[in-house]
Amino acid sequence: MTKIKIATEWLESCAGCHMSLLDIDERILELLKYVEITSSPLTDLKHPPEEGVDVGILSGGIGNSDQEKKAKEMRKKCKILVALGDCAVFGGICNLRNFFPKEEVLNRGFVETESTSKGKIPKSEVLGELTDQVSGVNKVVKVDVYIPGCPPSADSIYYALTELVNGRIPVLEGDLLHYD
Ligand code: SF4
């Protein structure tokens, strides 16, 4: 059986969704018989290979231009795109900054913080520019599979991956579908 190729990437996120992926524990050994992880934030190779992958997995929302670029790159290089976790599905906890104008958020973070003296908002070509609002991944690219949860349980992720391995688009139901 040919292994399906998977690449993962995290955008505006904590590492929780990827930690939940690792929480699959020993079942990951069974999965690795059918899956090749080509790149991920947890492995040496960080970027999806040029030739592309079968499944791309994105955790985290879109909060700056760099994340937008990474999401588009993953979409271009994968056949099936999975939004993993609440942040990727609808912005999740990152949406909290949407209550404030971007300038106010930057000022609070880099200038007004109690422990900051002579703070300055960083500006550089190599830094992504903050978007006006945070959004889920589907605001920027087409998503094929949604796995909500903060983070999604290891069981939900394992179920989704085994369905994909078997050539099916996973439909999460019951205990596997939650937003907390
Ligand atoms: S959904 Fe929750 S666990 Fe996943 S990246 Fe967002 S905050 Fe972290």
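When a ligand or atom number is given, it counts from 1 through the structure's own listing order. Note: hydrogens, waters and symmetry copies are ignored here, and every other heavy atom, side chains too, is used.
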Below 4.0 angstrom from a heavy atom of [X], which ligand 1 atoms are there? Numbered from 1 as shown, please.
{"X": "Pro151", "result": "3 (S)"}
{"X": "Gly149", "result": "1 (S)"}
{"X": "Gly16", "result": "3 (S)"}
{"X": "Ser13", "result": "5 (S)"}
{"X": "Asp86", "result": "1 (S)"}
{"X": "Cys17", "result": "1 (S), 3 (S), 4 (Fe), 5 (S)"}

Legend entry - atom 2 (Fe) of ligand 1: nearest protein contact (heavy atom, Å):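 Its nearest protein heavy-atom neighbour is Cys150 SG, 2.4 Å.
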Assess whether a salt bridge exists between [X] and [Y], defined as any Lys/Arg side-chain N lying under 4.0 Å from an Asp/Glu carboxylate O.
{"X": "Glu73", "Y": "Lys77", "result": "yes"}
{"X": "Arg108", "Y": "Glu114", "result": "yes"}
{"X": "Lys123", "Y": "Glu129", "result": "no"}
{"X": "Lys79", "Y": "Asp54", "result": "yes"}

Legend entry - Heteroatom test (N, O or S) for Cys14 near atom 8 (Fe) of ligand 1, limit 2.8 Å: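 Under 2.8 Å: Cys14 contacts atom 8 (Fe) of ligand 1 through an N, O or S atom.
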Inset, instruction - Measure the acute angle between the ring planes of Trp10 and His18, then classify it against the limits of 30° and 60° as parallel, tilted or perpendicular. - result: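 Rings of Trp10 and His18: perpendicular, over 60°.
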Legend entry - Non-hydrogen atom of Ala15 closer than 4.0 Å to ligand 1: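 The answer is no, since Ala15 has no heavy atom less than 4.0 Å from ligand 1.
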Legend entry - Contact check: Cys87 to atom 2 (Fe) of ligand 1, N/O/S below 2.8 Å: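 Checking atom 2 (Fe) of ligand 1 against Cys87, no N, O or S atom falls under 2.8 Å.
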Inset, instruction - Quick one: pull up OG in Ser40 and NZ in Lys46 and give me the separation to the nearest 0.5 Å. - result: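 Spacing of OG (Ser40) from NZ (Lys46) equals 6.5 Å.
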Legend entry - Nearest-0.5 Å distance, CD1 of residue Ile4 to CD1 of residue Ile6: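 Output value for this atom pair is 4.5 Å.
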